[in-house]
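Below you'll find the structure, written out as structure tokens, and then a few comments.
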Amino acid sequence: MRTRTFTILAFWGVLMTACQMQAKSDEQKQRLSAIEFNQAIQSASNIIDVRSSSEFESGHIKGAKNINWNDDGFEQNIAQFKKDDSIFVYCLSGGRSGQAAAFMRQAGYTHVFELDGGMMAWRSNQLPEEAGSAK
């Protein structure tokens, strides 16, 4: 009886570990380098800059919408997107966009991609940006 219980517990442990590894792997696939992010957004219309409006105005990715993660209306503002849309999210270094992406995934958005390293990585790769007011 003990052997059987041990076998069942061991199997359950292996199964849970595999599921956790798959979840981490899926999340890592949704975190793109600056080069990958640039390639992916070439035909995308759902690019979200989650920084403040002043940060956005100082330089942002062309076509991005400014939806500040720290604003109270973040959840209402993202409601304009369909849950199965591909959505590309970034901030300055990846912290706020990581939080925003995790929030969106928990809210049921299935294709949320993050710019790993944020605008700092974008700029270090000398990728194009534009300045101007929030959209």
Side-chain angles (χ1 to χ4, degrees):
M1 187 70 166
R2 284 185 178 169
T3 304
R4 183 175 177 197
T5 302
F6 177 76
T7 303
I8 291 171
L9 289 174
F11 175 75
W12 183 254
V14 168
L15 181 63
M16 293 304 293
T17 301
C19 289
Q20 288 174 342
M21 288 175 62
Q22 180 63 39
K24 281 187 177 182
S25 176
D26 289 345
E27 189 173 311
Q28 288 172 340
K29 290 177 187 173
Q30 293 180 316
R31 191 171 297 125
L32 306 175
S33 71
I35 300 300
E36 293 168 328
F37 195 87
N38 185 41
Q39 291 169 345
I41 64 170
Q42 293 306 310
S43 60
S45 59
N46 300 323
I47 307 166
I48 303 174
D49 184 323
V50 298
R51 300 175 299 158
S52 69
S53 59
S54 62
E55 289 176 290
F56 182 86
E57 290 169 7
S58 70
H60 57 269
I61 296 172
K62 184 177 181 178
K65 296 175 181 122
N66 186 216
I67 303 176
N68 188 342
W69 165 245
N70 291 318
D71 281 350
D72 290 336
F74 182 81
E75 186 172 2
Q76 291 172 323
N77 288 322
I78 63 167
Q80 64 185 292
F81 304 105
K82 295 178 184 170
K83 301 262 178 153
D84 62 348
D85 283 348
S86 290
I87 303 170
F88 298 86
V89 183
Y90 71 93
C91 65
L92 180 63
S93 64
R96 287 173 283 181
S97 59
Q99 293 173 345
F103 175 84
M104 292 175 75
R105 289 181 191 116
Q106 284 191 334
Y109 293 86
T110 55
H111 304 292
V112 181
F113 301 92
E114 303 169 53
L115 171 55
D116 192 23
M119 283 302 286
M120 293 173 64
W122 187 267
R123 290 172 176 153
S124 71
N125 281 278
Q126 300 176 337
L127 294 166
E129 64 182 280
E130 61 184 17
S133 62
K135 296 180 179 180

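None of the values given here were measured: they were computed from a predicted structure.
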Tell me which donor-acceptor pairs under 3.5 Å the side chains of residues 41-50 have, and how far apart each pair is, sequence neighbours excluded?
residue	atom	partner	partner atom	Å
Gln42	NE2	Asn38	O	2.7
Gln42	NE2	Asn38	OD1	3.1
Asn46	ND2	Ser86	O	3.4
Asp49	OD1	Arg51	N	2.9
Asp49	OD1	Arg51	NE	3.0
Asp49	OD2	Arg51	NE	3.1
Asp49	OD2	Arg51	NH2	2.7
Asp49	OD2	Tyr90	OH	2.9

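- Applying the salt bridge (charged side-chain N to carboxylate O under 4.0 Å, His left out) test to Glu75 and every residue at least two apart in sequence or in another chain returns nothing.
- Separating the CD atom in Glu36 from the CZ atom in Arg31 is a distance of 12.0 Å, to the nearest 0.5 Å.
- Taking each heavy atom of Val89 and Ala100 in turn, the nearest pair found is CG1-CB, 4.4 Å.
- Under the 3.5 Å distance criterion, the side-chain polar atoms of Gln76 are left unmatched by any main-chain donor or acceptor of Gly73.
- Every residue was checked against the side-chain hydrogen bond (donor to acceptor under 3.5 Å, both in side chains) condition with Ser58, not counting sequence neighbours, and none meets it.
- No donor-acceptor pair closer than 3.5 Å links the side chain of His111 to the backbone N or O of Ile87.
- The two residues Phe81 and Lys65 have their closest heavy-atom pair at CE2-NZ, 4.0 Å.
- The two atoms that bring Asn68 and Ser52 nearest to each other are ND2-CA, 3.5 Å, heavy atoms only.
- Note on Leu92 and Leu32: same hydrophobic cluster, where clusters join Ile, Leu, Val, Met, Phe, Trp and Tyr whose side-chain heavy atoms are under 4.5 Å apart, directly or indirectly.
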Which donor-acceptor pairs under 3.5 Å do the side chains of residues 119-127 make with protein atoms, sequence neighbours left out?
residue	atom	partner	partner atom	Å
Trp122	NE1	Leu127	O	3.4
Trp122	NE1	Pro128	O	2.8
Arg123	NE	Glu129	OE1	3.3
Arg123	NE	Glu129	OE2	2.9
Arg123	NH2	Glu129	OE1	3.0
Ser124	OG	Met120	O	3.4
Ser124	OG	Ala121	O	2.9
Asn125	ND2	Ala121	O	2.8

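- Ring geometry for Phe88 versus Phe113: interplanar angle under 30°, hence parallel rather than tilted (30 to 60°).
- Clustering ILVMFWY residues whenever any of their side-chain heavy atoms sit less than 4.5 angstrom apart, transitively, puts Met104 in a cluster other than the one holding Leu115.
- Rounding to the nearest 0.5 Å gives a distance of 10.0 Å between CG of Asp116 and OG of Ser93.
- When the side-chain hydrogen bond (donor to acceptor under 3.5 Å, both in side chains) test is applied to Gln39, no partner is found at least two apart in sequence or on another chain.
- Applying the 6.0 Å contact sphere to CD of Gln80 captures more than 12 heavy atoms from other residues, nucleotides or ligands.
- Ile67 and Ile61 fall into different hydrophobic clusters, where Ile, Leu, Val, Met, Phe, Trp and Tyr residues are linked whenever their side-chain heavy atoms come under 4.5 Å apart, directly or through other members.
- Screening residues 79-98 for salt bridge (charged side-chain N to carboxylate O under 4.0 Å, His left out) gives Glu55-Arg96 as the qualifying pairs, with residues at least two apart or on separate chains.
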